Amino acid sequence: MKVRLHQFLSRTGQFSSKREVKEAIWSGEVTVAGSVVKDIAFQFNANTKEVHWMGEPLHLPGLHRTYVLNKPSGVICSRLNRQERSLGKHSVFELLREHVDDSTYDRMLTVGRLDEATTGLLILTTDGHLVHRIASPDGKVDKTYAVKTDQPVPEEDLDTLREGLAIELEENGVLSTYNTAPARVVVEEDGTLLLTISEGKKRQVRRMFASLGFEVVDLHRRSIGGLNLDLLNLAEGDSVEMDQRLLCQSIFNES
Ligand code: URA
């Protein structure tokens, strides 16, 4: 749905008068999708184009809905296709179904993906910009996973994880080798390994351990940036709606 630039700016709540809105636009302080726009009546789709005022992103309040879910094992992070449905699979979106209206449900995206068997912190949002900000490899947002393996991992292998190692990736049937960036690894008292990486290759954590000869038997995402699932007290399968500004403050440690 298209909106005029001056109406968009007025609705952000950042300007005290229509005059101030117009002056911001006329003086070239406002960009839409990276280009300065001086036409107050310029029309654009606010769902797909980002507006900045003096370099700061502007958003319409209440336009988007964002949830944090404690993902249980056995649900997948995509919409179900016919085959998955016939196999009796379930998707993370179904866990939010009763909390949101039809339009929100249809627009919901996951911020990155967790494997079907992986549990823990998953963000779902209608805001594609938020997905990009958190999940883009350029953002280098840390993700911390609690990992249990089939056998104890010796210290020298933990050092290899810390330094970075070669893993095998597979995309559309094509195999390639990828060198992971250095990771942080901490061993908790009960032997659980805490692995922090800022990359997000498909099944990366499982592949990192597989490359050292270990099988991951339990994988749980504890945190994304400064947002820690433990602090939200969510049972598996439960979700909570979060204000986007607060969510970003937690993840990016913004004040
Ligand atoms: N790495 C994996 O291997 N699986 C996940 O679900 C997340 C990260």
Side-chain angles (χ1 to χ4, degrees), residues 64-128 130-137 141-150 167 169-172 192-210 214-225 227-244 247 250-251:
H64 289 296
R65 307 276 299 271
T66 298
Y67 287 80
V68 173
L69 170 74
N70 184 358
K71 179 191 172 296
S73 175
V75 288
I76 63 176
C77 288
S78 57
R79 305 279 171 175
L80 297 180
N81 60 32
R82 194 179 301 183
Q83 192 191 10
E84 287 158 344
R85 220 179 283 280
S86 70
L87 289 169
K89 300 256 183 209
H90 290 283
S91 104
V92 289
F93 297 102
E94 294 168 30
L95 296 167
L96 291 187
R97 189 65 195 97
E98 68 189 55
H99 303 298
V100 296
D101 58 70
D102 291 350
S103 151
T104 305
Y105 184 74
D106 291 343
R107 289 182 294 127
M108 214 50 132
L109 307 162
T110 62
V111 178
R113 290 187 178 189
L114 294 175
D115 303 332
E116 187 170 354
T118 304
T119 57
L121 177 55
L122 182 73
I123 300 167
L124 296 105
T125 181
T126 55
D127 185 355
L130 183 66
V131 174
H132 180 74
R133 189 164 176 219
I134 302 172
S136 146
V141 177
D142 283 345
K143 277 127 340 202
T144 297
Y145 297 89
V147 187
K148 293 209 170 98
T149 48
D150 56 343
I167 59 172
L169 296 181
E170 189 250 295
E171 214 168 330
N172 304 324
T192 301
L193 298 176
L194 284 189
L195 175 80
T196 302
I197 54 174
S198 59
E199 300 156 295
K201 298 289 179 198
K202 195 171 173 197
R203 298 177 72 80
Q204 178 161 344
V205 176
R206 293 177 200 276
R207 289 177 200 272
M208 287 169 79
F209 283 88
F214 299 94
E215 190 190 344
V216 170
V217 293
D218 194 68
L219 186 57
H220 176 82
R221 183 154 67 191
R222 281 211 186 151
S223 60
I224 298 178
L227 179 70
N228 190 326
L229 184 62
D230 294 343
L231 302 179
L232 297 174
N233 273 323
L234 289 174
E236 274 196 10
D238 280 356
S239 56
V240 63
E241 181 162 15
M242 274 193 80
D243 175 85
Q244 208 159 306
L247 180 96
S250 306
I251 292 179

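Since this is a predicted model, take the numbers as computed values, not measurements. We count residues from 1, following the sequence as given.
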**Q** Looking at Leu234, is its backbone amide N or carbonyl O close enough to the side chain of Asn70 to form a donor-acceptor pair, meaning the two atoms are under 3.5 Å apart?
**A** yes
**Q** CD/Gln244 to CD1/Ile251 distance, rounded to the nearest 0.5 angstrom?
**A** 9.5 Å
**Q** Return the minimal non-hydrogen interatomic distance between Leu194 and Arg222, and the atom names on each side.
**A** CD2-NH1, 3.4 Å
**Q** Within this structure, what is the CZ-OG distance for the pair Arg97 and Ser91, rounded to the nearest 0.5 Å?
**A** 11.0 Å
**Q** Is any side-chain heavy atom of Ile134 closer than 4.5 Å to a side-chain heavy atom of Thr125?
**A** no
**Q** Ignoring hydrogens, what is the shortest heavy-atom contact between Leu121 and Ile224? Give both atom names and the distance.
**A** CD2-N, 3.4 Å
**Q** Looking only at side chains, do Thr196 and Thr144 share a donor and an acceptor under 3.5 Å apart?
**A** yes
**Q** Main chain of Gln83, side chain of Lys89: is a donor-acceptor contact present, judged purely on distance under 3.5 Å?
**A** no
**Q** For the OG1 atom of Thr118 and the CZ atom of Arg113, what is their distance to the nearest 0.5 Å?
**A** 13.0 Å
**Q** For the residue pair Leu96 and Ser239, what are the closest heavy atoms and their distance?
**A** CD2-OG, 3.2 Å
**Q** Would you say the side-chain atoms of Thr126 pair up with the backbone N or O of Arg65, donor to acceptor, closer than 3.5 Å?
**A** yes
**Q** Are any side-chain N or O atoms of Asp218 and backbone N or O atoms of Lys148, one a donor and one an acceptor, separated by less than 3.5 Å?
**A** no
**Q** Can you name the closest pair of heavy atoms from Leu69 and Leu124 and give their distance?
**A** CB-CD1, 3.8 Å
**Q** Does Arg207 reach the side chain of Leu169, with side-chain heavy atoms less than 4.5 Å apart?
**A** yes
**Q** Kindly compute the distance separating OG1 (Thr66) from CE (Met242), expressed to the nearest 0.5 Å.
**A** 9.5 Å
**Q** What do the steps show when you test Asp115 against Arg206 for side-chain contact (heavy atoms from CB on, under 4.5 Å), and what is the final call?
**A** CA-CA 10 Å; Asp115 303 332; Arg206 293 177 200 276; 2.6 Å; yes
**Q** Within 45° of the axis and under 6.0 Å from the centre of the six-membered ring of Tyr145, does NZ or CZ of Arg203 qualify?
**A** no
**Q** Please report the interatomic distance CG(Leu229) to OG1(Thr119), rounded to the nearest 0.5 Å.
**A** 8.5 Å
**Q** Met108 and Phe93: which non-hydrogen atoms are nearest, and at how many Å?
**A** O-CE2, 3.3 Å
**Q** For Thr192 and Ala146, which heavy atoms make the closest approach, and how far apart are they?
**A** CG2-CB, 3.8 Å
**Q** Give a yes or no on whether His132 atom NE2 has more than 12 heavy-atom contacts from other residues, nucleotides or ligands under 6.0 Å away.
**A** no
**Q** Please confirm whether the backbone N or O of Glu116 pairs with a side-chain atom of Lys71, one donor and one acceptor, at under 3.5 Å?
**A** yes
**Q** Are Glu94 and Tyr105 side-chain neighbours, meaning at least one heavy-atom pair lies under 4.5 Å?
**A** yes
**Q** Is there a salt bridge (charged side-chain N to carboxylate O under 4.0 Å, His left out) between Arg107 and Asp102 once you walk through the steps?
**A** CA-CA 9 Å; Arg107 289 182 294 127; Asp102 291 350; over 6 Å; no
